[in-house]
There are 2 protein chains.
Amino acid sequence: MSETAAQTPIRSLEDALNRCQDKGMRVSRQRRYILELLWDVQEHLSAREIYDRLSRAGRDIGHTSVYQNLEALAANGIVECLDRSEGRLYGNISDSHSHINCLDSNQIIDVQVQLPAELLERLEAETGVRIVDYRIDFYGYQR
Amino acid sequence: MSETAAQTPIRSLEDALNRCQDKGMRVSRQRRYILELLWDVQEHLSAREIYDRLSRAGRDIGHTSVYQNLEALAANGIVECLDRSEGRLYGNISDSHSHINCLDSNQIIDVQVQLPAELLERLEAETGVRIVDYRIDFYGYQR
DNA sequence: ATTTATGCAAACATTTTGCAATAAA
DNA sequence: TTTATTGCAAAATGTTTGCATAAAT
């Protein structure tokens, strides 16, 4: 349903690195840093935040490379790019495109949600728009 | 369900202006320009775009005021603020918080969607998160 | 050997802040 | 008259580009 649907599901850091090669992207040291971080934290971070964390961790990488990499990785469906009020946030692709935004912990949990066909059909009939994809943002509290 | 739920529905420019006063906001000339534009175009625009359009239309307003106003209007639930890859987009509040994003025309259509209670309950059981609100982004084509 | 990726320097775009002048109520 | 609002100037923030160098395949 999604345009950027994953051909092969990415379920691990190794999958992500392999997908880079499949897409003709080289597995550079810096690219690996970014993917390692993203798989390590299992969160959605801004480009700036990713650069800061890697730098603080002593990883040798420039901010330009972080931006360039995240754009390329997102374009190739290897990471996900969300638009939030904090700016663009990048995170793993875990094969699902709806999110639960935890208002207390600030975490974003990936979930897979299938809407009833009747709901979609009714919407299409009402608006005249042919719906090809959807994403749901849930908001809630963990405690 | 929504935290920022409208106490009184805003269905017209007049409603929006009245809501300003209810909230203790003054109806300045510049504030009126912004709301007039938003109700006129019925689209979601960036702060920059709003400033540009008003300037081009000969409206006397500074860019600082546009940013300050949009923030205040959004904080008071008089306009809606969406985060998109183009940056933050502002538009009317039309009492509904799901959107159909038209990939051909680039328009955003407001729709009201009620998810089945079972779906929400199942999600809460699976994730342990108490869900208090949600928004759906549909993607589709008008032609 | 070939081509992608890096990252500095600099530009660019967007948004925010301090604050004195202005205008709405 | 009082207080919110305006908007200039300037800074801060975030992101992008050109391009020579370095590194991956």
Side-chain angles (χ1 to χ4, degrees), chain A residues 14 16-38 44-76 78-79 81-91, chain B residues 13-14 16-38 44-76 78-79 81-90:
Chain A
E14 285 66 42
L17 294 171
N18 287 336
R19 175 76 79 88
C20 284
Q21 301 201 300
D22 293 349
K23 293 285 187 178
M25 300 172 72
R26 294 177 180 174
V27 181
S28 69
R29 187 167 45 80
Q30 291 85 342
R31 187 159 290 160
R32 188 189 302 267
Y33 289 159
I34 294 174
L35 290 172
E36 281 174 354
L37 173 63
L38 254 22
H44 290 74
L45 305 174
S46 68
R48 189 47 187 255
E49 182 71 17
I50 290 169
Y51 169 71
D52 287 345
R53 292 203 190 195
L54 289 177
S55 296
R56 261 186 271 122
R59 301 303 202 193
D60 186 30
I61 187 172
H63 76 279
T64 308
S65 298
V66 173
Y67 283 97
Q68 289 167 341
N69 266 307
L70 289 171
E71 187 185 344
L73 290 168
N76 285 293
I78 299 168
V79 302
C81 176
L82 301 179
D83 296 302
R84 290 289 182 277
S85 55
E86 307 86 28
R88 295 185 200 162
L89 300 184
Y90 296 87
Chain B
L13 174 59
E14 285 66 42
L17 295 171
N18 287 336
R19 176 75 81 88
C20 285
Q21 301 200 299
D22 293 350
K23 292 285 187 179
M25 300 172 71
R26 295 177 180 175
V27 181
S28 69
R29 188 167 45 79
Q30 290 86 342
R31 187 160 289 160
R32 188 189 301 267
Y33 288 159
I34 293 175
L35 290 173
E36 281 174 353
L37 172 63
L38 253 23
H44 290 74
L45 305 174
S46 69
R48 188 47 187 253
E49 181 71 18
I50 289 170
Y51 170 72
D52 286 344
R53 291 203 192 195
L54 290 176
S55 296
R56 262 187 268 120
R59 300 303 201 194
D60 187 30
I61 187 173
H63 78 278
T64 308
S65 299
V66 173
Y67 283 97
Q68 289 168 339
N69 266 307
L70 290 172
E71 187 184 346
L73 290 168
N76 285 293
I78 299 169
V79 302
C81 177
L82 302 178
D83 296 302
R84 292 288 183 277
S85 54
E86 308 86 27
R88 295 185 200 162
L89 300 184
Y90 296 88

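Source: prediction; values computed, not measured. Proteins get letters first, then strands, A, B, ... in listed order; numbering begins at 1 in each.
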A.B. asks: Of the non-hydrogen atoms in R53(B) and L45(B), which two are nearest, and what is the gap between them?
C.D. replies: NH2-CD2, 3.6 Å
A.B. asks: When the distance from CG of N69(B) to P of dG7(D) is rounded to whole Å, what number comes out?
C.D. replies: 9 Å
A.B. asks: If I take atom CE in residue M25(B) and atom C1' in nucleotide dT3(D), what distance separates them, rounded to the nearest angstrom?
C.D. replies: 14 Å
A.B. asks: Which whole-number value in Å describes the distance from L73(B) CG to dT5(D) C1'?
C.D. replies: 12 Å
A.B. asks: Using whole Å, what does the distance between atom C1' of nucleotide dT17(D) and atom CD of E71(A) come to?
C.D. replies: 12 Å
A.B. asks: Take R48(A) and H63(B), find for each the nucleotide of DNA chain D with the closest heavy atom, and name the residue whose nucleotide sits nearer the 5' end.
C.D. replies: H63(B)
A.B. asks: Quick check for you: to the nearest 0.5 Å, what is the distance between L82(B) atom CG and H44(B) atom NE2?
C.D. replies: 4.5 Å
A.B. asks: Give a yes/no on whether any side-chain N or O of Q68(A) is located under 4.0 angstrom from OP1 or OP2 of dT16(D).
C.D. replies: no
A.B. asks: Need one value for Q21(B): base, sugar-phosphate or nothing, where a base atom within 4.0 Å counts as base even if backbone is also close, heavy atoms only.
C.D. replies: sugar-phosphate
A.B. asks: Nucleotide range of DNA chain C contacted by chain A, 5' to 3', under 4.0 Å to a heavy atom?
C.D. replies: dT3(C) to dA9(C)
A.B. asks: Expressed as a whole number of angstroms, how long is the span from D60(A):CG to dA22(D):C1'?
C.D. replies: 12 Å
A.B. asks: What contact category does T64(B) fall into here, base, sugar-phosphate, or nothing, at under 4.0 angstrom with non-hydrogen atoms?
C.D. replies: base
A.B. asks: What is the separation between atom CD1 on I61(A) and atom C1' on dA22(D), rounded to the nearest whole Å?
C.D. replies: 15 Å
A.B. asks: Specify the separation, in whole Å, of atom OH of Y67(A) and atom P of dT15(D).
C.D. replies: 4 Å
A.B. asks: Taking atom CD of Q68(B) and atom NE2 of H63(B), what is their separation to the nearest 0.5 Å?
C.D. replies: 9.0 Å
A.B. asks: Which atom names give the shortest non-hydrogen contact between V79(A) and L70(A), and what distance separates them?
C.D. replies: CG2-O, 4.3 Å
A.B. asks: Hey, does the side chain of R88(B) reach the backbone of A47(B) with a donor-acceptor pair shorter than 3.5 angstrom?
C.D. replies: no
A.B. asks: Give one of base, sugar-phosphate or nothing for S65(B), where a contact means two heavy atoms less than 4.0 Å apart.
C.D. replies: base
A.B. asks: When rounded to the nearest 0.5 angstrom, what distance separates CG in L54(A) from CD1 in I50(A)?
C.D. replies: 7.5 Å
A.B. asks: OH of Y33(B) versus P of dT6(D): gap in Å, rounded?
C.D. replies: 11 Å
A.B. asks: Ignoring hydrogens and angles, tell me if any N or O in the side chain of D83(A) forms a donor-acceptor pair with the backbone of D83(B) under 3.5 Å.
C.D. replies: no
